[in-house]
Amino acid sequence: MTRGITAVVAVLAALALGMYLGGHPSDLPEPLRDAFVDESTSVQAEATDVIQDNYYRSVTDLRLRDASLRGMVRSLNSRFSYYFTPRENALFRQATSGEFSGVGMTVVEHPRGLRVAGVFDDSPAKREGIRPGDVITKVNGRSIAGQSTNVSTARIKGKEGTYVRLTIRRGKRTRQLRVRRERIRVPASSSKLRTIGGKKLGVIQLAGFTSGAHGELVREIKRRERGGAQGFVLDMRGNGGGLLDEAVLISSAFVPNGVIVTTKGRKRSKRVLKATGEVATRKPVVVLVDRGTASASEIVTAALHERLGAPVVGRRTFGKGVFGQIFELSNGGALDLVVGNYYTPSGRNLGGKGISPDIRAADDPDTRPDEALQRALSALAGRVERTG
């Protein structure tokens, strides 16, 4: 009996010693360290020991591990790759589950944080005077510079009725706003009918590429055609993108056949995604874009421009020519890594360049009517005239 207890104690002692030395490999004799310890792990653990033993402030293991992982991703020099800590990852998953409310705006990445691409009508953001072009630099007093858009927007979202403090920069002026979160439901697609020079023209506004967005878009096209629409302006200003499959389906509502987009990565096989053949309309179309038009929106813009010759009106688009994937980690965190590139039907990658408009029109949020939309409608009326 005594022998058995002694053996158990010995095993536990060895296990405890192994766990300690695993985390403190510098305490091992050199021959054992060379034989049993991976050098890269040893150096990381050694650096952790040095910092914790000598830095003038106390630093936790968790903070150093998160910083190490974040540093690895930053070393990639990839603007769209991130490490999410366990807390950030949980925040991101909750915010994208549809359980939380927000302040009613669309955003795109900016070196200082988030640039406001669009503001929804009758939203808290609209009532507080937030405008497209504003840059959000802090959320609740914490800088969001260099953070993932997913995590930063998750910090802005929260329980309905609660408040969020936003630090906003407009030109050289910085101000703080306390904005009340509300439940906001914005349809992926909405439309209206306008008459220009005696011609009825449909304006389809596409807010995002969520699941089912193409179905909403097709319904709006059919609705406006029944009302006599002779052509369409596809308004994707402030649309930061979304699901690739939706981009292909939405493009297919206008493009009858052929390549929509090609994707390719170092570890991802080349995929050529073609039109589905489910065309919703063959009437002329003009695409309306701005600096907030990104990712999936740019895929659709390029497909309609290159395959149909659809004029592009507005400002140069964002220029995100890559796609990413989220990899869950054992610590509860995640890696959001760029894994490949998008290519337009003609083989162009839009990364950093975006799509330059055929007709330039810059909106001024303080003026009415909407100058860019007016120019898009004029361009569309001309195409209807030539095809009619």
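Below, all heavy atoms of this structure are taken into account, side chains as well, without hydrogens, waters or symmetry copies.
For Tyr82, the ring-ring contact (aromatic ring centres under 6.0 Å, His included) test picks out no residue, with sequence neighbours left out. The ring-ring contact (aromatic ring centres under 6.0 Å, His included) check on Phe254 picks up nothing, with sequence neighbours excluded.
How far OG of Ser378 is from CZ of Arg383: 14.0 Å, rounded to the nearest 0.5 Å.
Each salt bridge (charged side-chain N to carboxylate O under 4.0 Å, His left out) pair with one or both residues in residues 258-272, not counting sequence neighbours, would appear here, but there are none. Residue pairs meeting the salt bridge (charged side-chain N to carboxylate O under 4.0 Å, His left out) criterion with at least one partner in residues 210-236, sequence neighbours excluded, are Glu220-Arg223, Glu225-Lys283, Asp235-Arg237. Applying the salt bridge (charged side-chain N to carboxylate O under 4.0 Å, His left out) test to pairs two or more places apart or on separate chains, those with a residue in residues 297-324 are Glu306-Arg348. Applying the ring pair (Phe, Tyr, Trp, His ring centres under 6.0 Å) test to residues at least two apart or on different chains, the pairs with a partner in residues 325-363 are Phe323-Tyr342.
The shortest side-chain heavy-atom distance between Lys274 and Asn257 does not fall under the 4.5 Å cut-off. Side chains of Leu273 and Val259 form no contact here, defined as non-hydrogen atoms less than 4.5 Å apart. Using a 4.5 Å cut-off on side-chain heavy atoms (C-beta onward), Val312 and Thr301 make contact.
Checked by atom type, the side-chain pair Ser101/Glu182 shows no donor-acceptor distance below 3.5 Å. Side chain to side chain, Gln44 and Ser68 meet the donor-acceptor criterion of an N or O pair below 3.5 Å. There is a side-chain donor-acceptor pair under 3.5 Å between Asp61 and Gln52. Using modelled atom types and a 3.5 Å distance limit, the side chains of Tyr83 and Asp336 yield no donor-acceptor pair. Side-chain atoms of Arg181 and Thr162 include a donor-acceptor pair closer than 3.5 Å.
The hydrophobic clustering, which links ILVMFWY residues whose side-chain heavy atoms are closer than 4.5 Å, places Ile359 and Leu380 together.
Using a 4.0 Å cut-off between a side-chain N of Lys or Arg and a carboxylate O of Asp or Glu, Arg178 and Glu128 do not qualify as a salt bridge.
For the side-chain contact (heavy atoms from CB on, under 4.5 Å) test with Met105, the passing option among Val179, Leu166, Leu114 is Leu166; the others fail.
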